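Everything on this sheet refers to the single structure shown next.
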Amino acid sequence: MTLSGRNVAVPESRELDLFAALLERLGANVLRCPLLAIVDAPDPAPITSWIAAFNSGSCDDLILYTGEGLRRLLACIDRLHPSWQNPFVKRLGQVRRIIRGPKPGRVLRELDLKPNLVAKPATTDGLIALMALVPLQGRRIGVQLYGRNPDMRLIQFLNESGARVLPVTPYVYADSATDAEVIHLIERLANGDVDAIAFTSAGQVARLTNVAARFGRWDDLHAGLSHCVVAAVGPVVAEALSARGIRVDVQPASYALKPLARCLSAALIQRRIG
């Protein structure tokens, strides 16, 4: 059974074409509305200063929130200081590598490295619980953050535990779709034109709900989401939805696009049968 005739909204930006193709191969009609774009931090100076310090041995540990963050650090080096690349990878192999989810692990493997510690669940709370199990007093811990307003609870915990924290934020989110395009998506949701929507970042959830609130369309958004299948790629996204009172119907065990597409497909087929 295919997804022929089913409308699936996709707010993804970075891997929009890939995710859309996965769903289209299953027969879905994909409604593309990229809510956010991922861009380099506007000022590269703090990033290059952090990298220089890291290469010089400033960190005992490095916590990676996202694979995109590590890729952006590598890209910054390649663009501005190519000679720093080998020292960076060498130093990366010497520190204790701690990751929040599977994506940083994939980037590490591309560098022939593996994580030393993996947070489960892959959330800030999971990271805090993991770090609570290891000695932190006097440790110098680099933390790769992301977004314009990163979750600072981990930083606070590390500071209170006696660690010296060295944060770096190599990328931020910027609006991609216009407000008018987001409102059009909300209207389609409210009109019952959308059978499913698949969120792949907490930032997408924030953008959609913020636009709805600013333009007085929250009731329309909530009603529309309550009548379609809502999918979240992982626990961070699911928490962002739940915190706003939005039901999560689908969350794959593996936080990647292919499992998300499969789970979403199964949910829609089951709803059709039911």
Side-chain angles (χ1 to χ4, degrees), residues 7-23 29-47 65-73 75-76 79 100-101 103 124 144-152 167-191 193-194 196-225 228 230-246 248 255 257 260:
N7 294 327
V8 180
V10 177
E12 168 70 14
S13 297
R14 185 169 57 92
E15 298 181 283
L16 175 59
D17 290 338
L18 171 61
F19 193 30
L22 289 171
L23 293 167
N29 176 36
V30 176
L31 309 177
R32 303 177 181 219
C33 186
L35 296 180
L36 294 174
I38 297 174
V39 298
D40 290 332
D43 182 5
I47 317 302
Y65 262 83
T66 64
E68 182 69 24
L70 181 52
R71 289 193 191 281
R72 294 273 170 168
L73 289 172
C76 180
R79 186 174 64 252
R100 184 186 64 169
K103 291 184 179 180
T124 295
Q144 172 259 307
L145 300 170
Y146 65 98
R148 295 186 183 278
N149 298 294
D151 189 337
M152 300 302 291
V168 61
T169 307
Y171 70 93
V172 297
Y173 291 126
D175 293 348
S176 184
T178 65
D179 286 348
E181 290 170 317
V182 179
I183 291 170
H184 181 62
L185 173 61
I186 294 170
E187 289 173 345
R188 294 201 66 172
L189 284 162
N191 291 334
D193 294 337
V194 180
I197 185 168
F199 294 97
T200 57
S201 79
Q204 295 166 4
V205 179
R207 174 85 199 286
L208 182 60
T209 55
N210 287 344
V211 170
R214 283 193 289 114
F215 289 89
R217 308 302 292 269
W218 174 252
D219 288 344
D220 289 339
L221 175 62
H222 201 272
L225 291 174
C228 73
V230 177
V233 75
V236 173
V237 183
E239 285 181 2
L241 289 161
S242 298
R244 293 164 171 83
I246 299 168
V248 178
Y255 318 145
L257 295 182
L260 179 62

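These numbers come from a predicted model, not from an experiment.
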For the student: nearest non-hydrogen atoms of A232 and A238, plus distance: CB-N, 3.7 Å

Smallest separation among heavy atoms of P34 and S176, with atom names: O-CB, 3.3 Å

Side-chain donor or acceptor of D220 paired with backbone N/O of A190 under 3.5 Å: no

Non-hydrogen atoms of T124 and R100 that approach each other most closely: N-CD, 4.4 Å

From OG1 (T209) to CD1 (I186), nearest 0.5 Å: 9.0 Å

CG-CD1 distance between L31 and I197, expressed to the nearest 0.5 angstrom: 9.0 Å

Smallest separation among heavy atoms of P11 and Q204, with atom names: O-NE2, 3.5 Å

Nearest-0.5 Å distance, CG of residue L257 to CG of residue L16: 10.0 Å

Stepwise side-chain contact (heavy atoms from CB on, under 4.5 Å) test for L241 and L225: CA-CA 11 Å; L241 289 161; L225 291 174; 5.5 Å; no

Nearest-0.5 Å distance, CG of residue L189 to NE2 of residue H222: 12.0 Å

Side-chain donor or acceptor of N191 paired with backbone N/O of D193 under 3.5 Å: no

Separation of I183 CD1 from L221 CG (nearest 0.5 Å): 11.5 Å

R188 side chain vs H184 backbone, donor-acceptor pair below 3.5 Å: no

Backbone of Y65 reached by a side-chain donor or acceptor of Q144 within 3.5 Å: yes

Set of residues satisfying side chain to side chain contact (heavy atoms under 4.5 Å, CB included) with respect to C76, sequence neighbours excluded: I47, T48, I51, R79, L80

Test side chain to side chain contact (heavy atoms under 4.5 Å, CB included) applied to Y173 - qualifying residues, sequence neighbours left out: L36, I38, Y146, Y171, S201

Contact check, side chains of V211 and L35, non-hydrogen atoms, under 4.5 Å: no

Candidates V233, V237, L22 - the one meeting side chain to side chain contact (heavy atoms under 4.5 Å, CB included) with L260: V233

Worked verdict on E239 versus V236 for side-chain contact (heavy atoms from CB on, under 4.5 Å): CA-CA 5 Å; E239 285 181 2; V236 173; 5.6 Å; no

Ion pair D179/R207, N-O distance below 4.0 Å: yes

Reported OH-to-OG1 distance for the pair Y255 and T200, which is rounded to 0.5 angstrom: 15.0 Å

Where P170 and L145 come nearest, the two heavy atoms and their spacing: CD-O, 3.4 Å

Distance-minimising heavy-atom pair for V172 and P42: CG2-CD, 4.3 Å

